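The next block holds one structure in the form of structure tokens; read it before the comments.
All values reported here derive from a predicted model rather than from experimental measurement.
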Amino acid sequence: MARTVLVTGGGTGLGKAAALRFAREGDRVAICGRRTEVLEAASREIAAAGAADVATFACDVRYDDDVAKMAAALHERWGALDVLLANAAGNFVCPAEKLSPNGWKAVIEIVLNGTFYCCSAFGRKMIEAHAADGKGRSIVTIVADYAWAAGPGVIHSASAKAGVLALTRTLAVEWARHGIRANAVSPGPFRSEGTDKNLWLDETLAREIVESIPLRRYTTAAEVAESIAFLADEAKAGYITGACLPVDGGHWLTGSHLGFLDAIARAAKP
Ligand code: NAP
């Protein structure tokens with residue numbers, strides 16, 4: 001039966017790849033983001049990929065009232081979500097000593113606060129639905145290897161992703177009794193609108209990053225989406241909760257991300 005799925009930041013990059021993956025299963029797929037035209041373009045692709053229904057929400061996850069409105073509208077349309085993919089994020093490189101309080105807040109508010117607001121608003125509806133139907137539901141969050149290591153050059157994102165990982169594990173324990181599994185996926189570097197604009201400054205650096213990955217290639221958004229789909233699937237991953245799955249070609253094992261983020265931060269203009 002078609003599941004109901006929301007992908008935050010589903011108009012681009014990994015979020016869109018995951019939305020397309022759910023669409024190919026015939027699910028009802030909602031996406032949100034701040035740019036209406038981006039969402040509209042993505043929604044056409046998602047419908048064409050086979051989604052049973054598509055909904056778009058111009059919603060800024062930094063604002064809990066925006067998220068609450070989206071949750072109410074989606075609940076009215078489809079009932080409780082079966083799957084929440086909390087993917088929306090923003091990032092830019094900046095050495096810690098140059099980062100302003102506003103720069104810090106910009107990332108923390110999207111990544112950490114936004115993830116909490118979405119989990120909270122949609123999680124409450126999932127809890128109510130579980131009390132009525134006993135069904136299993138799933139939350140998947142997106143982190144990065146610097147959530148448990150260090151992120152020189154991206155202290156805001158590293159701090160936010162560490163918070164998201166703690167949030168995911170905590171929800172896994174607190175909400176297990178409500179039939180909700182919560183897992184994180186930690187992608188290795190992949191190219192997207194966000195990385196090309198804000199993270200990787202030139203082709204030389206992009207090549208150096210590839211050389212630092214044991215499997216010697218970038219992952220792709222579509223490949224990461226397969227792991228998200230696996231964790232979200234009750235039949236395949238129904239006993240997995242509180243996990244963090246690196247999909248990174250072995251990158252985190254080498255610790256080499258520390259070097260490249262640092263290099264980017266040093267190269268960045270003040
Ligand atoms: P991306 O292309 O920049 O996509 C980010 C999405 O989030 C966009 O659709 C953006 O849409 C949305 N978004 C940003 N701020 C928002 C807000 N305040 N409210 C609602 N939506 C918002 O990024 P990506 O590279 O695909 O990254 C996807 C996820 O993977 C992120 O969680 C990222 O941290 C993680 N990740 C990426 C990499 C990588 O190498 N790319 C590595 C590790 C982890 P609008 O701008 O229209 O709002």
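- Side chain of S212 to main chain of H251: no donor-acceptor pair is present (N/O by atom type, distance under 3.5 Å, no hydrogens or angles).
- When atom types are taken as modelled, the side chain of D60 and the backbone of R62 share a donor-acceptor pair closer than 3.5 angstrom.
- The nearest pair of heavy atoms linking A30 to F57 is CB-CE1, 4.3 Å.
- L39 CG to K16 NZ: the interatomic distance, rounded to the nearest 0.5 Å, is 11.0 Å.
- Nearest heavy-atom pair across A23 and V29 is N-CG2, 3.9 Å.
- The two residues S138 and A232 have their closest heavy-atom pair at OG-CA, 3.6 Å.
- With a 4.5 Å cut-off on side-chain heavy atoms, K125 and L74 do not count as touching.
- Note: K161 NZ to T168 OG1 = 9.5 Å, rounded to the nearest 0.5 Å.
- With contacts defined as side-chain heavy-atom distances shorter than 4.5 Å, the pair V107/V154 does not qualify.
- Rounding to the nearest 0.5 angstrom, the gap separating the CG atom in D82 from the CE atom in M126 is 7.5 Å.
- From F22, atom CZ reaches atom CG of D233 across 9.0 Å, with rounding to the nearest 0.5 Å.
- With a 6.0 Å radius and a threshold of 12 heavy atoms from other residues, nucleotides or ligands, L99 has its CG atom above the threshold.
- In the hydrophobic cluster analysis, where Ile, Leu, Val, Met, Phe, Trp and Tyr join through side-chain heavy atoms closer than 4.5 angstrom, F190 is grouped together with V7.
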Item checked: Working for side-chain contact (heavy atoms from CB on, under 4.5 Å), residues H156 and N91 -> CA-CA 8 Å; H156 39 19; N91 199 2; 3.4 Å; yes
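- V83 places none of its side-chain heavy atoms less than 4.5 Å from the side chain of T4.
- Judged purely by atom type and a 3.5 angstrom limit, N87 uses its side chain to pair as donor or acceptor with the backbone of G9.
- Judged by distance alone, the side chains of T141 and T115 never bring a donor and an acceptor atom under 3.5 Å apart.
- The structure places CZ of R28 at 10.0 Å from CG of L81, a figure rounded to the nearest 0.5 Å.
- With contacts defined as side-chain heavy-atom distances shorter than 4.5 Å, the pair C118/V61 qualifies.
- Using a distance-only test at 3.5 Å, with no hydrogens or angles considered, a donor-acceptor pair links the side chain of N183 to the main chain of G242.
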Next item on the list: Please test D248 against T219 for side-chain contact (heavy atoms from CB on, under 4.5 Å), starting from the C-alpha separation and ending with a verdict.
Entry: CA-CA 7 Å; D248 70 348; T219 185; over 6 Å; no
Notebook entry, point to check: Checking side-chain contact (heavy atoms from CB on, under 4.5 Å) for the pair L231/I240: CA distance, chi angles, key distance, verdict?
Noted result: CA-CA 7 Å; L231 286 172; I240 302 178; 3.9 Å; yes
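- At a threshold of 4.5 Å between side-chain heavy atoms, the hydrophobic network of Ile, Leu, Val, Met, Phe, Trp and Tyr places L20 and L85 in one connected group.
- Here the shortest heavy-atom pairing between C244 and P246 reads O-CD, 3.3 Å.
- Side-chain atoms of T241 come within 3.5 Å of backbone atoms of A182 as a donor-acceptor pair (strictly under, hydrogens ignored).
- The hydrophobic clustering, which links ILVMFWY residues whose side-chain heavy atoms are closer than 4.5 Å, places V143 and L253 together.
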Next item on the list: In sequence, state the C-alpha distance, the side-chain angles, and the governing distance for E25 and V5, and then conclude on side-chain contact (heavy atoms from CB on, under 4.5 Å).
Entry: CA-CA 11 Å; E25 301 262 337; V5 180; over 6 Å; no
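- The residue from V67, L6, T8 that alone fulfils the side-chain contact (heavy atoms from CB on, under 4.5 Å) condition with C59 is V67.
- With contacts defined as side-chain heavy-atom distances shorter than 4.5 Å, the pair Y218/I209 qualifies.
- Hydrophobic clustering of Ile, Leu, Val, Met, Phe, Trp and Tyr side chains at less than 4.5 Å, counting indirect connections, keeps V38 apart from I31.
- Across all non-hydrogen atoms, the minimal contact from A42 to G10 is CB-O, 4.2 Å.
- Between the CG atom in D66 and the OH atom in Y117 there is a gap of 11.0 Å [rounded to 0.5 Å].
- With respect to R207 and E211, no salt bridge is recorded, no charged nitrogen being found less than 4.0 Å from a carboxylate O.
- Counted within 6.0 Å of CZ on F116, heavy atoms from surrounding residues, nucleotides or ligands total 12 or fewer; the atom is thus considered open.
- Closest non-hydrogen pair, A147 versus A162, comes out as O-CB, 3.3 Å.
- Applying the side-chain hydrogen bond (donor to acceptor under 3.5 Å, both in side chains) test to pairs two or more places apart or on separate chains, those with a residue in residues 169-182 are R181-E234.
- Looking at L171 and I180, their side chains never come closer than 4.5 Å, going by heavy atoms from C-beta outward.
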